[in-house]
There are 2 protein chains.
Amino acid sequence: MDSATIQTVERLSGNTGKRPTVQTFMQASPRDALDLLEQFGATVSVQRDQEIHGQGEEANSCYRILRGCVRMVKLMEDGRRQIGEFLMPGDLLGFDALETHDFAAEAVSDVVLRRYPRRMVDALAERNAHLARRLRDLTSISLRTAHARLVLLGRKTASERIATFLLEMAERLPQARAGVLDMPMSRTDMADHLGLTIETVCRILALLRREATVAIERGTIEIRDHASLQQMASEQRH
Amino acid sequence: MDSATIQTVERLSGNTGKRPTVQTFMQASPRDALDLLEQFGATVSVQRDQEIHGQGEEANSCYRILRGCVRMVKLMEDGRRQIGEFLMPGDLLGFDALETHDFAAEAVSDVVLRRYPRRMVDALAERNAHLARRLRDLTSISLRTAHARLVLLGRKTASERIATFLLEMAERLPQARAGVLDMPMSRTDMADHLGLTIETVCRILALLRREATVAIERGTIEIRDHASLQQMASEQRH
DNA sequence: CGAGCACTTGAAAGATTTCAAGTCCAGTGG
DNA sequence: CCACTGGACTTGAAATCTTTCAAGTGCTCG
């Protein structure tokens, strides 16, 4: 995948005008400290299946997803793949990186992002305690998500994984549209996220469909029976 | 487990003397920003199998492990257990928490910790950018560790998990004592860390012993053939 | 309209788990 | 000091869940 295909669509001119002073940053206390970054953002588009950044690549930018879906991918030498998570509009990417990115980021669908220079993020954080705190909390939230996934991958059955995944996706969508999930990722992507094979994912989704727990269409899954899914997600074993 | 059994062994009186001013904190630039916390630390002991803090419990303290081994545990309703990681002397605990602890922390062996009040950690970080940055990086490091474990749990075979685990433990020990690992945790603990059963852990360790890749004794595992382990850790499949 | 890819579904294979006995120690009490 | 007990650890055999292998089906795009 060729990250050169990323196109800068728009670059706000916020930093060509009068430069805000350090004092401004220290006093600033917007609703969300991240708003401080906005003036340094650039909007970029990435096409489906293109790489936003590679695994192990130097972390020079952070992003906010404006449109589309992104997958965070780790690849083993022999091709086995683990998708750490899927990012949806509103989600942030790369704010918790160290020197390099842990995962490659790839566009699942056509994606529009807002890109921020990491140098700037770090520089601002150094002067603004609110922002610093916000960034730390962001990373803690990512960590919490990862920890929940350890249990899913380490101890849950295939059915539990699928059910948990669907419920998580449902919770993330603040869409009024009750229970209709955008699922732009392929079965392979789901499998690589859940530590299963594509066939197992298919079979379990087929099961859910036959039970009328979900209605499946190209690119969407509608949750018809939330309670059944919840039960399936935490089936008591034994 | 009764966290009331934690005993305060020693409480430094650093904060009873003249209080450092905010100015002091902002100018302070010790080798490690975390050193700022030292004067607010208290040393506590926890006995084997006692809880240091519960899962979901409010995060009021952070800790540094001085002696012994700690396991970070998540428990499912039906008793299935996932150990997120084992902490060894020098490791930090709870610095990446949000309001509550993701995991319960339990003493694998008798443990001695240095405890710091979280309120203080956060208050200092608000005034000292170095410390704030250090805390953010700490959390990022935890995140990186968790991400590596996602691949292990999602995509690696039982043998690869064991081999990877042993190599990781080896890397963490800066002990001059080449390849002799302190392994105070039970087989069950290892299994719950690696997403396996205790029997599978036993069988694979037995295999490694028969191959003379490792030498196993009560509480220690000596790595005799590092190369074999490395190969086993990243066996090309197919 | 055909090719290719994503997705399904069935059947066989396999890795790991579950069930079942032991074995080996460490600590306890006689 | 030594037998005893319980828990941790081992090992074997059967069971099972998931994967692997195979063979379609059905879209979508050219």
Side-chain angles (χ1 to χ4, degrees), chain A residues 47-49 69 71 76 78-83 108-110 152-163 165 183-211 214-221 232 235-238, chain B residues 47-49 69 71 76 78-83 108-110 152-163 165 183-211 214-221 232 235-238:
Chain A
Q47 289 183 327
R48 189 170 192 277
D49 283 335
C69 174
R71 61 176 171 251
M76 290 175 65
D78 61 0
R80 279 177 284 176
R81 203 173 72 138
Q82 177 68 39
I83 293 181
V108 171
S109 52
D110 287 352
L152 181 139
L153 293 174
R155 286 301 179 217
K156 292 197 180 181
T157 66
S159 302
E160 289 172 333
R161 294 182 199 191
I162 302 265
F165 175 58
M183 298 292 276
M185 68 293 288
S186 69
R187 296 285 184 269
T188 305
D189 285 344
M190 290 186 216
D192 287 342
H193 180 49
L194 300 174
L196 301 171
T197 59
I198 179 177
E199 293 94 332
T200 301
V201 171
C202 268
R203 276 187 255 271
I204 291 174
L205 285 178
L207 200 73
L208 287 173
R209 180 168 39 68
R210 271 181 246 122
E211 289 177 341
V214 303
I216 298 174
E217 280 178 46
R218 187 145 212 80
T220 71
I221 296 184
M232 193 178 196
E235 208 71 66
Q236 306 287 302
R237 302 197 75 191
H238 249 250
Chain B
Q47 288 183 328
R48 189 171 193 277
D49 284 336
C69 173
R71 61 176 172 251
M76 290 176 65
D78 61 0
R80 279 177 284 175
R81 202 174 72 137
Q82 177 69 38
I83 294 182
V108 170
S109 51
D110 287 353
L152 182 140
L153 293 175
R155 286 299 178 219
K156 292 197 179 179
T157 65
S159 303
E160 290 172 333
R161 294 182 200 191
I162 302 264
F165 175 58
M183 297 292 277
M185 69 292 289
S186 68
R187 297 286 184 267
T188 305
D189 285 344
M190 290 186 215
D192 287 342
H193 180 49
L194 300 174
L196 301 171
T197 58
I198 178 178
E199 293 94 334
T200 301
V201 171
C202 270
R203 276 186 255 269
I204 292 174
L205 285 179
L207 201 72
L208 287 173
R209 180 168 38 68
R210 271 181 248 123
E211 291 177 339
V214 302
I216 299 175
E217 281 178 45
R218 189 145 208 84
T220 70
I221 296 184
M232 194 179 196
E235 208 70 69
Q236 305 286 303
R237 302 197 74 192
H238 248 252

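Since we're looking at a predicted model, the values are computed, not measured. Lettering of chains follows the sequences in order, A, B, ..., and the numbering in each one begins at 1.
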Quiz item: Can you list the residues that meet the side chain to side chain contact (heavy atoms under 4.5 Å, CB included) rule with B:S186, with sequence neighbours excluded?
Solution: B:T188, B:D189

Quiz item: Does the side chain of B:R161 come within less than 4.5 Å of B:L196's, by heavy atoms?
Solution: yes

Quiz prompt | 5′-ward residue of the pair B:M185/A:A158 relative to DNA chain D | solution = B:M185

Quiz item: Under the 3.5 angstrom rule, does the side chain of A:Q82 hit a backbone N or O of A:H193 as a donor-acceptor pair?
Solution: yes

Exercise. Provide the start and end nucleotides, 5' to 3', of the part of DNA chain C that has atoms under 4.0 Å from heavy atoms of chain B.
Key: C:dT16 to C:dA26

Quiz item: Roughly how many Å is it from CD1 in B:I221 to C1' in D:dC9, rounded to a whole number?
Solution: 12 Å

Quiz item: Of the non-hydrogen atoms in B:P184 and B:C69, which two are nearest, and what is the gap between them?
Solution: CG-CB, 3.6 Å

Practice problem: Scan A:G219 against the nucleic acid and name what it touches under 4.0 Å (heavy atoms): base, sugar-phosphate only, or nothing. | Solution: nothing

Pairs under 3.5 angstrom only: tabulate donor-acceptor contacts from the side chains of residues 199-208 of chain B to other protein residues two or more places apart or in another chain.
| from | atom 1 | to | atom 2 | distance (Å) |
| --- | --- | --- | --- | --- |
| B:T200 | OG1 | B:T197 | OG1 | 3.0 |

Practice problem: Rounded to the nearest angstrom, tell me the gap between atom CZ in B:R48 and atom P in D:dG7. | Solution: 13 Å

Practice problem: Decide yes or no on side chain to side chain contact (heavy atoms under 4.5 Å, CB included) for B:M76 and A:R155, but give the supporting numbers first. | Solution: CA-CA 9 Å; B:M76 290 176 65; A:R155 286 301 179 217; 4.1 Å; yes

Self-check item: Distance-minimising heavy-atom pair for B:T157 and B:E160
Solution: N-OE1, 2.8 Å

Exercise. Using the test side chain to side chain donor-acceptor pair (under 3.5 Å), find all partners of B:D78 that sit at least two apart in sequence or belong to another chain.
Key: B:R80

Self-check item: Atom-to-atom span, CZ of A:R80 to P of D:dT18 - whole angstrom
Solution: 18 Å

Quiz prompt | Any donor-acceptor N/O pair, B:D110 side chain to B:Q47 backbone, under 3.5 Å | solution = no

Self-check item: Angle by which the axis turns from one end of the helix from C:dC1-D:dG30 to C:dG30-D:dC1 to the other, five pairs per end, to 10 degrees
Solution: 30°

Quiz item: Nearest nucleotide by nearest heavy atom, which residue falls closer to the 5' end of DNA chain D, B:R187 or A:L196?
Solution: B:R187

Practice problem: Rounded to the nearest angstrom, tell me the gap between atom CE in B:M190 and atom P in D:dC9. | Solution: 7 Å

Quiz prompt | Counterpart residues, side chain to side chain donor-acceptor pair (under 3.5 Å), relative to A:E211 (two or more places apart) | solution = A:T213

Quiz item: With B:T220, which residues qualify under side chain to side chain contact (heavy atoms under 4.5 Å, CB included), at least two apart?
Solution: B:V180, B:D182, B:E217

Practice problem: Using a cut-off of strictly less than 4.0 Å between a heavy atom of the residue and any atom of DNA chain D, enumerate the qualifying residues of residues 199-210 of chain A by number. | Solution: A:E199, A:T200, A:R203

Exercise. Quickly work out the A:I198 CD1 to D:dT19 P distance and round it to whole Å.
Key: 12 Å

